[in-house]
Amino acid sequence: HVVPPWLVLVAATVITAISGAALTLLLSKVLAALAAIAIGLLSAREIFGWELARYQYRMLQQMPDLIELVVSATRAGLPASEAFAWVSRDAASPTREEFSRVVKEITLGRTPEQALMALHRRTRINEYAIFAVTLAVQMRSGGRLAESIENLATTIRQRLAIAARAQALAAESRLSARVLIAMPFIAGVTMTVMHHGYMSPLLFDPRGQRLLIGSAIALIVGALTMRRMIK
């Protein structure tokens with residue numbers, strides 16, 4: 001975990017408390033409490049989703065290298081299970097830890113393709129399912145396993161290159177979105193510095209507080225919409 005679970009729980013609790021206190025200015029206490037709980041749960045889900053996406057990306061980046069290890073082992077005449085043992089010793093983290101679990105599952109009686117499918121279900125990386133199917137077909141029908149999985153490594157490298165190019169093309173849109181999100185805060189600070197007390201009605205007047213909360217909600221919805229469109 002990049003973020004410890006206890007820290008996610010604390011962050012979600014704080015977000016829930018702040019959201020509940022703010023929403024009581026707009027909604028009844030019951031609706032505000034329900035909305036705050038929903039916001040806290042969504043916040044925790046977003047953090048765990050970010051962790052999962054980061055983990056998947058690292059695993060996918062390391063997959064061509066692990067396939068090269070498997071290709072080297074199979075060309076040396078070793079079975080797939082022994083090739084996975086090589087990966088569990090020599091690969092980078094987190095692939096090393098995942099394949100240590102794969103090797104343990106094979107030791108307990110699973111076939112290599114079943115262990116790979118279990119890895120696919122844990123990590124939700126489709127390429128491991130393709131790897132498992134390729135391995136199963138080659139073991140049943142025969143043929144050159146090294147060439148088949150080497151083609152898979154080439155395909156993954158091409159996919160990573162295309163994804164990197166897409167990220168570069170979307171960089172301008174991401175920058176524009178960040179500027180748009182930052183503009184209200186920059187404008188508020190600028191007006192406060194130029195005209196002391198100008199923003200006080202938004203902070204201390206109940207009507208201004210409602211407007212401020214409504215604006216914050218609209219800003220969050222807009223930011224999430226832009227993020228989804230760019231993604």
Side-chain angles (χ1 to χ4, degrees), residues 1-3 5 45-175 227-231:
H1 292 284
V2 179
V3 182
R45 184 179 182 277
E46 282 295 317
I47 295 172
F48 285 125
W50 171 77
E51 283 194 297
L52 177 60
R54 186 175 180 272
Y55 191 81
Q56 288 173 329
Y57 183 70
R58 289 179 62 190
M59 289 282 293
L60 189 59
Q61 276 191 318
Q62 295 169 3
M63 195 173 179
D65 295 329
L66 82 86
I67 290 177
E68 291 296 337
L69 282 173
V70 174
V71 168
S72 300
T74 53
R75 282 179 175 166
L78 298 175
S81 56
E82 185 62 29
F84 293 164
W86 277 25
V87 174
S88 68
R89 291 192 301 266
D90 300 334
S93 180
T95 299
R96 179 176 61 250
E97 291 80 7
E98 289 290 350
F99 269 81
S100 295
R101 186 170 177 178
V102 167
V103 171
K104 290 176 183 177
E105 290 176 353
I106 293 173
T107 304
L108 293 174
R110 277 189 168 183
T111 62
E113 60 268 24
Q114 288 174 338
L116 282 177
M117 285 302 296
L119 175 59
H120 158 65
R121 287 190 290 270
R122 285 197 305 272
T123 60
R124 303 178 191 174
I125 298 175
N126 293 329
E127 283 73 12
Y128 280 112
I130 299 171
F131 191 9
V133 171
T134 303
L135 186 62
V137 170
Q138 293 294 327
M139 292 179 69
R140 284 171 173 76
S141 62
R144 297 180 179 179
L145 176 62
E147 291 183 4
S148 299
I149 58 177
E150 198 169 20
N151 292 335
L152 177 60
T154 302
T155 302
I156 294 171
R157 285 195 180 95
Q158 291 173 349
R159 177 183 171 183
L160 290 172
I162 292 171
R165 185 165 179 264
Q167 288 290 328
L169 291 173
E172 183 178 352
S173 299
R174 287 198 301 271
L175 179 60
R227 180 174 178 268
R228 177 65 62 181
M229 292 173 66
I230 293 170
K231 186 176 180 180

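The structure presented is a predicted model; accordingly, all values stated were derived computationally and were not measured. Note that the numbering runs from 1 along the sequence shown for the chain.
A search for side chain to side chain donor-acceptor pair (under 3.5 Å) contacts involving Q56 returns nothing, not counting sequence neighbours. Annotation: side chain to side chain donor-acceptor pair (under 3.5 Å) contacts of Y128 (sequence neighbours excluded): none. R157 meets the salt bridge (Lys or Arg N to Asp or Glu O under 4.0 Å) test with E68; sequence neighbours excluded. Applying the side chain to side chain contact (heavy atoms under 4.5 Å, CB included) criterion to Q61, with sequence neighbours excluded, gives Y57, L160. Considering only residues two or more places apart in sequence or on other chains, F131 meets the ring pair (Phe, Tyr, Trp, His ring centres under 6.0 Å) condition with none of them. In this view, E97 and S93 satisfy the side chain to side chain donor-acceptor pair (under 3.5 Å) rule, not counting sequence neighbours. Every side chain to side chain contact (heavy atoms under 4.5 Å, CB included) that I130 has, sequence neighbours left out, goes to T134, L152. Residues passing the side chain to side chain contact (heavy atoms under 4.5 Å, CB included) test with A129, sequence neighbours excluded: M117, H120. Looking at residues two or more places apart in sequence or on another chain, you find a side chain to side chain contact (heavy atoms under 4.5 Å, CB included) between T111 and E113, Q114. Looking at residues two or more places apart in sequence or on another chain, you find a salt bridge (Lys or Arg N to Asp or Glu O under 4.0 Å) between R75 and E150.
I125 contributes atom CD1, which lies 9.0 Å from atom CD1 of I156 (distance to the nearest 0.5 angstrom). In this structure, CD in Q167 is found 9.5 Å from CG in L169, a value given to the nearest 0.5 Å.
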Evaluation steps, side chain to side chain contact (heavy atoms under 4.5 Å, CB included), between T95 and D65: CA-CA 10 Å; T95 299; D65 295 329; over 6 Å; no

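Across every non-hydrogen atom of A85 and S88, the tightest pair is O-OG, 2.7 Å. Closest non-hydrogen pair, V102 versus A115, comes out as CG1-CB, 3.6 Å. Nearest approach of M59 to P94, heavy atoms of both residues: SD-CG, 3.7 Å. In plain terms, the two heavy atoms of L69 and A91 that are nearest each other are CD1-N, 4.4 Å. Taking all atoms of both residues into account, the shortest heavy-atom contact from L135 to L116 is CD2-CD1, 3.9 Å.
The neighbour count for R45 CZ, taken as heavy atoms of other residues, nucleotides or ligands under 6.0 Å away, does not exceed 12. The environment of R124 atom CZ is sparse: at most 12 non-hydrogen atoms of other residues, nucleotides or ligands sit within 6.0 angstrom.
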Show every donor-acceptor pair shorter than 3.5 Å between a side-chain atom in residues 103-110 and any protein atom, with sequence neighbours excluded, or say none if there are none.
residue: E105; atom: OE1; partner: R110; partner atom: NH1; Å: 3.4
residue: E105; atom: OE2; partner: R122; partner atom: NH1; Å: 3.3
residue: T107; atom: OG1; partner: V103; partner atom: O; Å: 2.8

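For residues 59-92, the ring pair (Phe, Tyr, Trp, His ring centres under 6.0 Å) pairs, not counting sequence neighbours, are F84-F99.
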